Novice: 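Handing you a structure now.
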Amino acid sequence: MSQTAQKAPGKTGAAPDANRWKALAFIALAQLMVVLDATIVNIAMPSAQQDLGISDGNRQWIVTAYALAFGGLLLFGGRIADLWGRKRAFVVGLGGFAAASALGGAAANEAMMFGARALQGAFGALLAPAALSLLAVMFTDAKERAKAFGIYGAIAGGGGAVGLILGGFLTEYLDWRWTFFVNIPFAIIAAAGAYFVIREPEGGRNRSALDIPGVILSTLGLVSLVYGFTRAESEGWSDSVTVGMFVASAVLLAAFVIVESKVKAPLLPLRVITERNRGGIYLSLGLAIIAMFGLFLFLTYYLQIVKGYSPVKTGFAFLPMIAGMITGSTQIGTRLMTRVAPRLLMGPGFLVAALGMLLLTQMEVDTSYAAVLMPAMLLLGLGMGTAFMPAMSMATQGVEPRDAGVASAMVNTSQQVGGAIGTALLNTIAASATTSYIKDHVAGAASKPQQQLVQLEGMVHGYTSAIWFAVGILVAAAAIALTLVNAGKPDMGPVAGSGAQDAEDAVPVMVH
């Protein structure tokens with residue numbers, strides 16, 4: 001960035017904040033906590049279910065209560081951050097998340113647990129867009145932004161595996177309640193650091209009146225959509241409530257678009273999503289998350305049930321994917337982002353990830369970890385890290401600073417909805433393939449060991465069938481990125497309201 005650009009008064013990219021790199025550390029820590037929470041809770045679920053006497057039919061609400069609140073309230077959370085100021089929204093979000101985590105750790109029954117998870121989701125919906133839009137308004141130089149989002153993406157992306165390892169240790173050696181309590185020190189450190197270090201640039205707030213009809217329609221529409229996919233996974237796609245949720249979601253979201261096109265101060269200005277590059281990024285990211293969510297789940301089950309890995313060993317088995325992700329985002333993405341057009345990183349990145357996914361279609365009951373799983377995960381991480389990096393940094397490019405919060409929330413929303421779709425869709429494909437495989441092969445299994453082997457083979461056949469679909473979805477994401485995203489390489493001057501979303505939500509949240 002030129003000296004004149006740095007000092008131009010009254011611009012978002014005016015003199016860079018001296019504390020911006022310290023601020024990045026606290027923002028990344030907060031995002032790490034949110035990503036950790038997703039994977040940690042999944043590992044703790046069986047123990048928590050047993051302790052609190054939660055039925056098999058109700059246990060999904062440990063995940064669903066969080067996903068509904070988080071996904072449904074994201075746009076509202078982004079708008080609140082624009083209205084209140086991102087720093088205040090960020091600190092309040094952290095405080096609320098810590099209090100909700102304490103409540104979850106102290107849960108005495110299922111109602112208390114589900115309530116705590118919903119509260120965590122609500123405060124997460126305030127925290128996530130505030131974090132992203134703070135980065136958007138604090139880092140305005142193209143090279144610095146690439147570096148900051150590379151570090152941020154790698155830390156938050158690595159949180160998925162750290163969550164699996166930490167969750168395994170805490171559940172095996174302490175107690176499942178510690179998987180909630182561990183959030184509290186993270187939140188306190190991040191909130192205190194943010195309070196003293198972050199200086200939000202002036203003039204970036206959006207003080208327009210709140211669009212109440214937009215808030216109600218978007219929240220109900222997104223909750224219906226996420227719940228529809230979550231329910232489809234357990235009750236089937238033809239279930240009357242599932243179908244009703246999809247119909248309600250379509251009607252509510254259509255009404256939301258109509259309202260947003262007519263009101264004076266919309267919750268989500270349509271210009272945020274109709275711009276070609278941003279639309280392409282939201283769409284390709286959403287598709288990539290659909291592919292990743294299902295895969296993360298299948299690999300966890302494959303390693304634990306088929307291979308007999310412990311939760312801790314499973315966490316360590318995912319490290320090649322995280323190593324690939326960190327390398328892709330901090331080394332490849334960050335170094336090339338200011339030199340080549342974003343689509344030339346996103347398209348090939350998604351294709352490399354698809355190649356890793358293709359390797360996983362070869363999985364069998366006795367597949368070698370070192371020969372197949374490790375290289376596949378490395379390719380997946382490398383491809384995703386490389387693709388997500390430019391997508392993150394461009395996700396709010398060109399958006400006015402006062403819309404940075406709600407534009408950041410759109411990235412989270414595409415990921416959250418993508419996660420719900422991915423889990424339901426790929427699980428349904430896997431379950432159906434497993435059932436038909438067992439039906440076709442069980443007659444030839446005379447002894448009990450043979451029958452158990454057919455069960456395991458059926459499970460793996462189901463996973464590989466679903467992974468073939470995931471390969472296709474990643475190829476589609478690459479095609480969308482290459483055709484819709486037509487921005488050239490970033491210039492070296494300040495870009496108003498530029499922001500990013502991490503691979504978090506990619507890794508799992510990936511497991512919300």
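Quick caveat, the model's predicted, so the values are computed rather than measured. These values consider heavy atoms only, across backbone and side chains, with no hydrogens, waters or symmetry-generated copies.
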Novice: Does CD belonging to Gln50 count more than 12 external heavy atoms closer than 6.0 Å?
Specialist: no

Novice: Keeping the roles fixed (side chain from His461, backbone from Glu457), state whether a donor-acceptor pair exists under 3.5 Å.
Specialist: no

Novice: Kindly say whether Val460 contributes a backbone atom to a donor-acceptor pair with the side chain of Thr464 at under 3.5 angstrom?
Specialist: yes

Novice: Does the ring centre of Tyr463 sit less than 6.0 Å away from the ring centre of Phe298?
Specialist: yes

Novice: Taking side chain as C-beta onward, heavy atoms only, is Leu336 less than 4.5 Å from Ile332?
Specialist: yes

Novice: Is a side-chain N or O of Asp175 found less than 3.5 angstrom from the main chain of Trp178, in a donor-acceptor match?
Specialist: no

Novice: With distance as the sole test, does Ser284 use its side chain to make a donor-acceptor pair with the main-chain N or O of Gly280 at under 3.5 Å?
Specialist: yes

Novice: State the CG-CE distance between Leu379 and Met321, to the nearest 0.5 angstrom.
Specialist: 11.0 Å

Novice: Can you tell me how far apart CG (Leu345) and CZ (Phe388) are? Round to the nearest 0.5 Å.
Specialist: 13.5 Å

Novice: Do you know the tightest heavy-atom contact between Leu474 and Ala291?
Specialist: CG-CB, 3.8 Å

Novice: Is the NZ or CZ atom of Lys313 positioned over Phe316's six-membered ring, under 6.0 angstrom from the centre and within 45° of the axis?
Specialist: no

Novice: Can you tell me how far CG of Leu456 sits from CD1 of Ile438, rounded to the nearest 0.5 angstrom?
Specialist: 9.0 Å

Novice: Are any non-hydrogen side-chain atoms of Ile480 and Leu283 less than 4.5 angstrom apart?
Specialist: yes

Novice: Testing Val247, Leu252, Thr219, Val251 for side-chain contact (heavy atoms from CB on, under 4.5 Å) with Ser224, which one passes?
Specialist: Leu252

Novice: For a 4.5 angstrom cut-off between non-hydrogen side-chain atoms, does Leu425 reach Phe469?
Specialist: no

Novice: Is there a side-chain contact (heavy atoms from CB on, under 4.5 Å) between Phe350 and Val475? Walk through the geometry before answering.
Specialist: CA-CA 7 Å; Phe350 288 136; Val475 171; over 6 Å; no

Novice: To the nearest 0.5 angstrom, please state how far the CZ atom of Phe181 sits from the OG atom of Ser101.
Specialist: 9.5 Å

Novice: Which of parallel (below 30°), tilted (30 to 60°) and perpendicular (above 60°) describes Phe180 and Trp176?
Specialist: perpendicular

Novice: Which heavy atom of Ala100 sits nearest a heavy atom of Leu119, and at what distance?
Specialist: CB-CB, 3.7 Å

Novice: Determine, stepwise, if the pair Asn109 / Leu52 fulfils side-chain contact (heavy atoms from CB on, under 4.5 Å).
Specialist: CA-CA 5 Å; Asn109 52 48; Leu52 301 177; 5.8 Å; no

Novice: Is there side-chain contact between Ile273 and Met410, with heavy atoms separated by less than 4.5 Å?
Specialist: yes

Novice: Among residues at least two apart in sequence or on other chains, which ones pass ring-ring contact (aromatic ring centres under 6.0 Å, His included) with Phe186?
Specialist: none

Novice: Given side chains that start at C-beta, do those of Leu222 and Leu73 come closer than 4.5 Å, heavy atoms only?
Specialist: no

Novice: Please give me the minimum heavy-atom distance between Tyr66 and Val34, naming the atom from each residue.
Specialist: OH-CG1, 3.6 Å

Novice: Quick one, Leu217 and Leu253 - any side-chain contact, counting heavy atoms below 4.5 Å?
Specialist: no

Novice: Other residues, nucleotides and ligands only: do more than 12 of their heavy atoms fall within 6.0 Å of CH2 on Trp237?
Specialist: yes

Novice: Dump the intermediate steps for side-chain contact (heavy atoms from CB on, under 4.5 Å) on Leu29 and Ile189, then the final yes or no.
Specialist: CA-CA 8 Å; Leu29 184 66; Ile189 294 165; 3.7 Å; yes

Novice: I want to check something: taking the side chain as every heavy atom from C-beta on, are Met377 and Leu299 in contact at a cut-off of under 4.5 Å?
Specialist: yes

Novice: Return yes if some donor-acceptor pair links the side-chain N/O of Arg177 with the main-chain N/O of Ala107 below 3.5 Å, else return no.
Specialist: yes

Novice: Under 3.5 Å, is there a donor-acceptor pair between the side chain of Arg117 and the main chain of Ile62?
Specialist: yes

Novice: For Met363 and Ile467, what are the C-alpha separation, side-chain angles and deciding distance, and is it a side-chain contact (heavy atoms from CB on, under 4.5 Å)?
Specialist: CA-CA 10 Å; Met363 268 193 325; Ile467 289 169; 4.0 Å; yes

Novice: Is it the case that the side chain of Ser249 and the backbone of Met245 share a donor-acceptor pair, with hydrogens and angles ignored and the cut-off at 3.5 Å?
Specialist: no

Novice: Could you tell me the separation between the CZ atom of Arg343 and the OG1 atom of Thr483, rounded to the nearest 0.5 Å?
Specialist: 10.0 Å

Novice: Is any side-chain heavy atom of Leu378 less than 4.5 Å from a side-chain heavy atom of Leu382?
Specialist: no

Novice: To the closest 0.5 Å, what do you measure between CE (Met292) and CD1 (Ile473)?
Specialist: 12.5 Å

Novice: Closer than 3.5 angstrom, by distance alone: can the side chain of Gln49 be matched with the main-chain N or O of Ile54 as a donor-acceptor pair?
Specialist: yes

Novice: Which atom pair, heavy atoms only, marks the closest approach of Ala317 to Leu303?
Specialist: CB-CD1, 3.8 Å

Novice: Please list all pairs meeting side-chain hydrogen bond (donor to acceptor under 3.5 Å, both in side chains) that have one or both residues in residues 354-382, counting only residues at least two apart or in different chains.
Specialist: none

Novice: Minimum heavy-atom separation for Val485 and Pro342, please, with both atom names.
Specialist: CG1-CB, 4.4 Å

Novice: Closest heavy-atom contact between Ala232 and Thr242?
Specialist: CB-CG2, 3.7 Å

